There are 2 protein chains.
Amino acid sequence: MPPADHPRGTAPEEPGPGLDVVHQLRAVTVELDLLAADFARRNGLHPTDLRALIQLLDAARSGTAVTPGRLGAALGLNSAGTTSLIDRLERLGHVRRLRDPHDGRRVLLEVDERATALGRSFFGPLIDHVVGEVETMPPAELAAVRRFLAHVRTGIEEHREQG
Amino acid sequence: MPPADHPRGTAPEEPGPGLDVVHQLRAVTVELDLLAADFARRNGLHPTDLRALIQLLDAARSGTAVTPGRLGAALGLNSAGTTSLIDRLERLGHVRRLRDPHDGRRVLLEVDERATALGRSFFGPLIDHVVGEVETMPPAELAAVRRFLAHVRTGIEEHREQG
DNA sequence: CGAATTTCTCTCGCTGAGCGAGATAGTATC
DNA sequence: GATACTATCTCGCTCAGCGAGAGAAATTCG
């Protein structure tokens, strides 16, 4: 989030622990974005492609079937953009298109090993880093972090709904 | 980060508190990105423009002068892309170009009120939400959250440096 | 059942963000 | 004052993503 210089309107804008945490959080997301963009470039992907892979891997992990429609919606793309996104991923061998046998209009997206490997090569070390940290934390502190992150997420969701 | 299905290679991949926190963190960043993209669209901006405004506002807040070069580097754009980014922001009245009096090659970017207002209108409620939460937290828990976020950042930075 | 409607994906043509290459103008070094 | 360097901008191009709409399969309804 951007700085909030003048105490005007909505929040107590004095530099304090709250704002500081907000800044840290924003920095984390900005840096993760940059990291993802770098990685995508190095692997001949676009940032959107990487986000798509994340969605696909998450879905595969939770056993959910993914169709172009769902994927496009999750990424905020329209159908034309979604088609060309999937074309790219298919061309690179990360994804295969299969007709849904139960609904002939649908296409099911199947993730290739190579996509999982790519995802792991990117996020693996980072995951290790964070998991390592988490494992040294006292349970009470860990619980606090989780509550905090959950709270942030609900805040974001409320914010999005109001549009 | 994407899921890590098989315990292979780098990390203890069993579903556990560590991975769970990683997933929460990833979800936060994904949702923040989507929120930012929505907001950008509604305000006739591109996601990059919003990221640029965040950088500019941060710099203004900390009293740092921003030039096209710095901004482009912070966003991972080349000079041509940076120029057209600033053209867009200038056209929308968020930014003005001023020649640096001390170094005639440089351009200094001055942020307009309208940009600050825009930033606040976007992030304000979210900041309030998080700050509100932070203020109810016992100091020990708050400290844990800050340490955690700091740790994540250093992890990301190390990760980026190795390229 | 067959027609109308809806749902899902893809095609076509276009806009514009961002890239590579290089021009230009100002600064530092000798 | 020539040379090297730095910061920004210009030009031409590629391609991600959009709007509009076509086509095919499913659903609803007379």
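The structure presented is a predicted model; accordingly, all values stated were derived computationally and were not measured. Order of the sequence lines fixes the chain letters, A, B, ..., with proteins taken first and strands second; residue numbering starts at 1 for each chain.
- Among residues two or more places apart in sequence or in another chain, the salt bridge (charged side-chain N to carboxylate O under 4.0 Å, His left out) test is passed with B:R51 by none.
- For the salt bridge (charged side-chain N to carboxylate O under 4.0 Å, His left out) test, no residue two or more places apart in sequence or in another chain qualifies with B:D33.
- Residue pairs that meet the ring-ring contact (aromatic ring centres under 6.0 Å, His included) test with at least one member in residues 132-151 of chain A, sequence neighbours left out, are A:H151-B:H129.
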Give every pair of a protein N or O atom and an N or O atom of nucleotides 17-21 of chain D that lie under 3.5 Å apart, one pair per line with the distance.
{"residue": "D:dG17", "atom": "OP1", "partner": "A:T48", "partner atom": "OG1", "Å": "2.4"}
{"residue": "D:dG17", "atom": "OP2", "partner": "A:R88", "partner atom": "NH2", "Å": "3.0"}
{"residue": "D:dC18", "atom": "OP2", "partner": "A:N78", "partner atom": "N", "Å": "3.0"}
{"residue": "D:dC18", "atom": "OP2", "partner": "A:N78", "partner atom": "OD1", "Å": "3.3"}
{"residue": "D:dG19", "atom": "N7", "partner": "A:N78", "partner atom": "ND2", "Å": "3.2"}

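- Rounded to whole Å, the distance from CG on B:D100 to C1' on C:dG26 is 11 Å.
- Checked against side-chain contact (heavy atoms from CB on, under 4.5 Å), A:R96 has the following partners two or more places apart in sequence or in another chain: A:E110, A:D112.
- Applying the side chain to side chain donor-acceptor pair (under 3.5 Å) test to residues at least two apart or on different chains, the pairs with a partner in residues 63-85 of chain A are A:S62-A:T64.
- Note: CG (A:D38) to C1' (C:dC19) measures 16 Å, nearest angstrom.
- Computed from coordinates, the B:D87 CG to D:dC11 P distance equals 12 Å when rounded to whole Å.
- Only one option out of B:L32, B:V28, B:V30 pairs with A:R153 in a side chain to side chain contact (heavy atoms under 4.5 Å, CB included); it is B:V28.
- For A:R70 and C:dT7, the CZ to P distance is 15 Å, given to the nearest whole Å.
- Between the CZ atom of B:R105 and the P atom of D:dC9 there is a distance of 14 Å, rounded to whole Å.
- If you take CG of B:L45 and P of C:dA17, they are 11 Å apart, rounded to a whole angstrom.
- If A:G104 and B:T67 are placed on DNA chain D by their nearest nucleotide, the residue sitting closer to the 5' end is B:T67.
- The interatomic distance linking A:L109 (CG) with C:dC10 (C1') rounds to 13 Å, in whole Å.
- Between A:R97 and the phosphate of C:dC10, there is a side-chain N or O to OP1/OP2 separation shorter than 4.0 Å.
- Atom NE2 in A:H102 sits roughly 16 Å away from atom P in C:dC8 (whole-Å rounding).
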